[in-house]
Amino acid sequence: MGTRVSIDPITRLEGHGKIDIFINDKGDVDRAYFQVPELRGFEQFAKGRPAEDMPQITSRICGVCPMAHHMASSKALDDLYKVQLPSTAKKIRELMYNVFFIEDHALHFFYLGGPDFIVGPKAPKAERNILGVLGKVGMEIGKEVIGMRRELRTLMNDICGKAIHPVFGLPGGVSKVITREEQQRLIEVSKHAVEFGKFCLKAFDDIVLKNPEYVKLITSGTYTHRTYYMGMVDADNRINFYDGDIRVVDPDGKERVKFAPRDYLQHIGEHVEQWSYVKFCFLKDVGWNGFKDGKESGVYAVAPIGRLNAAEGFPTPLAQQAADKYFSTLGGKPVHYTLATNWARLIELLYSAERMRELAADPEIDSSDVRAIPTEKPTEGIGIVEAPRGTLIHHYKTDDRGLITDANLIVATQGNLARIALSVDKAARGLIHAGRVDDGILNMVEMAFRAYDPCNGCATHSLPGQMPLVVSVYDSKHNLTQEIRRD
Amino acid sequence: MKTLVLGLGNELIADDGVAIRIARILSQHLKSRDDVDVLESSQHGLALIDLFSGYDKAIIVDAIKTGAHKPGSVVTMSSTELSAVEAPSPHFTGVPEMIRIAQDIGLPFPKSIQIVAIEVVDQSTVGGPMTLNVEKAIPDAVAAIDALIYTTTSEILAS
């Protein structure tokens with residue numbers, strides 16, 4: 001082993017995306033590792049606590065997608081207490097979950113295609129940030145995004161108790177009915193959200209798709225992996241974020257398996273590597289065959305590209321139309337290009353807005369029948385939702401009193417981790433030759449994981465100050481030979 | 001003139017909750033001040049942008065793990081000392097970028113943001129206890145923030 005290059009954030013963000021690149025004596029990449037931190041002690045912390053506290057506790061684990069944890073946890077409680085939700089309760093949950101999805105996905109507009117895309121992957125680093133993006137797309141768009149988010153957050157606040165840490169999912173239903181007045185507001189905001197979704201896709205079209213360079217980058221081999229894909233689908237195999245079965249398609253787009261949330265352990269395995277604390281998910285049925293793509297490798301992808309590939313389509317017309325264009329532009333289904341994620345995310349945003357509009361107008365939505373009281377003894381419960389970053393699994397076991405004896409979470413990014421490791425390794429091997437490591441190359445290596453928007457700890461938040469990176473190059477005797485700082 | 005004190009962190013996770021503890025003490029201290037609001041959040045990055053809107057001045061309290069300071073050190077800095085850098089996602093957007101975005105899109109935003117950061121040790125153990133040096137730093141941090149608020153008030157009275 002020759003030289004070690006590490007891309008290492010030095011603030012509290014340490015571990016949020018640390019890349020170690022080992023360079024051999026010829027100056028080529030021997031192996032690149034993507035390291036992430038692990039949240040420790042969650043199971044211990046959960047043990048002995050009343051199961052009904054879990055939607056509150058788990059939503060506090062994560063500052064990024066608390067609503068996703070709250071929802072997966074509420075669904076695990078439904079299963080734990082073997083209770084069927086009244087139809088209105090289910091619709092309210094799905095409605096508010098889609099409101100959350102629009103809000104979360106909208107934030108990404110600022111990162112439309114990633115700063116790398118908009119400003120150009122090899123642009124000077126000083127311009128390769130969000131300001132460069134806004135400079136190119138126009139500040140009016142920024143205003144629109146902030147305004148849209150504010151409307152959505154106000155709704156979440158009023159209907160879910162809190163926008164950040166919702167207090168509305170209960171075993172068997174929700175804690176609050178939707179009033180006529182709230183329904184009217186939901187309808188109004190949903191109309192705005194649909195327009196917003198269309199507007200985002202139009203901007204993506206103008207800025208990214210009309211530039212052949214960007215399309216070439218999206219489809220370049222460096223960021224392409226032929227893996228399996230996973231996502232939640234409804235009874236007709238169409239995308240649903242809140243409820244359904246989990247469908248997996250193979251690298252040719254054929255269904256490999258479809259399973260009910262209760263059976264997830266039969267299908268999803270967790271692989272352990274010596275160099276990482278985090279477990280890598282894989283398909284048990286295919287098996288773990290290392291960090292490889294192809295049909296023989298159990299590596300799969302979740303989140304927007306995973307979901308679009310795993311489903312047969314969207315149940316709403318505008319999103320379906322946008323998805324048709326996505327697949328035809330990118331050479332058919334499945335799309336194996338990691339960098340297509342941002343496009344897929346905007347199509348999902350439009351779907352969520354359309355689904356919000358449908359559910360907000362549902363005649364049942366203001367019914368007062370929003371809770372079924374559990375009467376069964378709790379034993380074991382599993383709840384799965386699609387979080388913005390992928391399939392999120394909550395699994396609890398309790399004693400007769402409903403106190404947690406065992407808790408297992410598989411967080412969304414874990415589903416993508418093996419593919420992220422694969423991407424980083426492939427990008428490093430493809431881009432670094434003869435020991436030449438500069439800022440532009442490292443940026444392109446980082447792009448391999450940025451598109452996934454990895455969020456691993458489900459634990460830490462960051463000082464919103466800066467994200468400096470230090471790239472250290474060591475020789476085979478571990479002497480520091482080069483340091484590239486980004487701060 | 002309105003000042004926001006924003007405590008960031010996760011109270012379930014060992015030292016990560018230090019700023020939340022500080023914010024709760026300050027909200028008691030500053031109860032009678034209607035020109036100061038104390039908020040807490042576990043969110044980060046661009047998601048926080050709305051919280052700042054409408055304030056003239058803001059103080060962010062947060063845990064930081066740099067390894068450059070002794071655990072429990074209280075470090076005060078101004079947002080102007082932070083440079084805008086490339087961030088991988090909206091969740092990592094920095095303060096300077098937030099200020100610039102807010103200015104550019106015409107959002108009423110504090111002109112200056114000060115940051116009071118506490119160097120911590122353990123940010124990854126759920127339900128873990130706060131480490132001793134970090135716990136001991138709480139009164140220092142509270143005093144530092146009180147002083148920043150006092151200075152702000154004095155500046156206004158003097159002007």
Handout entry: For the student: nearest non-hydrogen atoms of A/Arg60 and B/Asn10, plus distance
Key =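 Nearest heavy atoms, A/Arg60 then B/Asn10: O-ND2, 2.7 Å.
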
Exercise for the section: Taking all heavy atoms of B/Ala47 and all of A/Arg149, pick out the closest pair and write down the distance. Expected result: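 Minimum heavy-atom contact is CA-NH2, 3.8 Å.
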
How many angstroms lie between atom [atom1] of [X] and atom [atom2] of [Y], to the nearest 0.5 angstrom?
X: A/Arg153; Y: B/Asp50; atom1: CZ; atom2: CG; answer: 5.5 Å
X: B/Leu12; Y: A/Gln56; atom1: CG; atom2: CD; answer: 11.5 Å
X: A/Arg150; Y: B/Ser53; atom1: CZ; atom2: OG; answer: 5.5 Å
X: B/Thr125; Y: A/Phe42; atom1: OG1; atom2: CZ; answer: 14.0 Å

Handout entry: Side chain / backbone / both / neither for B/Glu11 at chain A, heavy atoms under 4.5 Å
Key =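 Contact with chain A is through the side chain of B/Glu11 alone.
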
Exercise for the section: Select one option (side chain, backbone, both, neither) describing which atoms of B/Ile113 are under 4.5 Å from chain A's heavy atoms. Expected result: neither

Listing, residues 129-141 of chain B side-chain donor-acceptor contacts under 3.5 Å, not counting sequence neighbours, or none:
residue  : atom : partner : partner atom : Å
B/Thr131 : OG1  : B/Asp15 : OD1          : 3.1
B/Thr131 : OG1  : B/Asp15 : OD2          : 2.9
B/Glu135 : OE2  : B/Arg21 : NH2          : 2.6

Exercise for the section: Check the surroundings of atom NZ in B/Lys111: do more than 12 heavy atoms from other residues, nucleotides or ligands lie under 6.0 Å from it? Expected result: no

